[in-house]
2 protein chains.
Amino acid sequence: MEASKKRSDCPLSFSLDVFGDKWSLLIIRDMMFGNKCTYNDFLKSEEGIATNILASRLKGLEENGVIEKSVHPDSKAKILYRLTPKGIDLLPVIMEVYIWSEKYYEMPADLKATIKEAKKDKDKFIKQVTKELKIKMTEKKSSS
Amino acid sequence: MEASKKRSDCPLSFSLDVFGDKWSLLIIRDMMFGNKCTYNDFLKSEEGIATNILASRLKGLEENGVIEKSVHPDSKAKILYRLTPKGIDLLPVIMEVYIWSEKYYEMPADLKATIKEAKKDKDKFIKQVTKELKIKMTEKKSSS
DNA sequence: ATTTGCACTTGCAATTTGCAAGTAAAATTA
DNA sequence: TAATTTTACTTGCAAATTGCAAGTGCAAAT
């Protein structure tokens with residue numbers, strides 16, 4: 001549905017086919033920083049994604065190996081969405097977007113402070129958060 | 001047309017309102033690495049952007065201060081599009097996308113080698129290319 | 001047994017995209 | 001000087017995507 005024919009040989013263009021839209025990176029952000037992991041969690045996000053768009057984006061991200069579904073430990077009715085290592089590796093991309101926006105836009109003071117702090121030792125921050133995410137994304141793992 | 005009402009207070013979401021689509025970053029890539037600077041240059045790009053979409057994206061990027069128009073030194077019929085400092089500052093974002101895709105996708109060998117090389121000393125590469133871009137984007141400057 | 005929660009799907013109108021053709025001014029060619 | 005070509009778009013229209021609202025089916029709670 002989403003995959004297959006690439007527009008060109010440029011990796012930037014096929015990366016954009018994976019997450020180049022208004023919603024995908026927000027879902028990934030929610031999984032990275034918002035502690036969100038279920039369909040309803042994402043639905044409740046500040047930006048108000050429509051339910052059919054959410055379903056379509058989750059499907060696309062899963063097809064592209066950025067996220068994966070698993071059984072929720074609390075209930076069979078719930079589905080736990082988790083970032084794959086490939087998804088976790090989008091952290092540097094998202095970080096650079098935050099750093100860029102911190103330079104050119106206004107935002108809540110606490111967020112601004114956090115970004116500035118992370119920027120001071122970018123590599124350390126990325127490594128630290130990556131490590132935490134890898135732990136978080138495996139700990140509740142039940143099956144696939 | 002494009003600007004105004006933001007979806008949330010999250011800088012990631014309003015950054016995506018600026019370049020979160022399938023085309024904007026490709027135009028910026030062409031200006032950074034493809035030595036492209038006119039409407040027809042962008043039209044001829046590998047991915048084949050439609051002319052109305054190109055016009056709309058250029059307008060949006062200009063409204064958001066990422067690019068700017070100037071008089072082409074060769075001809076009054078031509079318009080020279082240039083990256084602003086804000087546009088040049090998207091280099092780290094684009095770089096991280098390249099690095100991500102280099103890890104997970106196949107691509108032409110020479111490009112792969114270039115990315116790997118740039119990745120070795122990321123900061124140095126970014127500084128170097130930023131410097132070159134700042135020079136390039138001002139040298140032919142005529143007026144606004 | 002009934003209601004609620006969860007993860008979706010479906011229908012439909014509105015917006016956006018993509019393709020093709022057209023336009024106006026500037027530059028080139030005859 | 002006139003005709004053609006180049007350049008940067010705009011316009012029209014069909015197709016695809018988005019967004020909103022209202023389901024649907026299964027699980028869990030009451």
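Excluded from the calculations below are hydrogen atoms, water molecules and symmetry mates; all remaining heavy atoms, backbone and side chain alike, are included. The chains referred to below are lettered A, B, ... by the order of the sequence lines, with proteins before strands, and numbering in each begins at 1.
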Heavy atoms from C-beta onward define the side chain here; which of [options] lies closest to that of [X]?
X: B:I79; options: D:dC9, C:dT17, C:dC8; answer: D:dC9
X: A:A50; options: C:dC8, D:dC20, C:dA27; answer: D:dC20
X: A:Y39; options: C:dA27, C:dT17, C:dT9; answer: C:dT9
X: A:N52; options: D:dC20, D:dC9, C:dC8; answer: D:dC20
X: B:R57; options: D:dT10, D:dT18, C:dT17; answer: C:dT17
X: B:K78; options: C:dA7, C:dG18, D:dA8; answer: D:dA8
X: A:A77; options: D:dT18, D:dA27, C:dG18; answer: D:dA27

Next item on the list: Check whether any side-chain heavy atom of B:K122 sits under 4.5 Å from a side-chain heavy atom of A:K122, and report yes or no.
Entry: no
Margin query: Working to the nearest 0.5 angstrom, can you tell me the gap between B:M95 CE and A:L12 CG?
Written below: 11.5 Å
Notebook entry, point to check: How many angstroms lie between OH in B:Y39 and CG in B:L58, if you round to the nearest 0.5 Å?
Noted result: 7.0 Å
Counting just side-chain N and O atoms, does [X] come under 4.0 Å of either OP1 or OP2 of [N]?
X: A:W23; N: D:dG19; value: yes
X: B:K59; N: D:dT10; value: no
X: B:S75; N: C:dA26; value: no

Next item on the list: Could you tell me whether the side chain of B:K22 and the main chain of A:L16 form a donor-acceptor pair under 3.5 Å?
Entry: yes
Notebook entry, point to check: Applying a 3.5 Å limit to both distances, which nucleotide forms a Watson-Crick or G-U wobble pair with D:dT30?
Noted result: C:dA1
Check: Base, sugar-phosphate, or nothing for A:Y81, non-hydrogen atoms under 4.0 angstrom?
Finding: sugar-phosphate
Check: At under 4.0 Å between heavy atoms, what does B:T51 touch on the DNA or RNA strands: base, sugar-phosphate, or nothing?
Finding: base
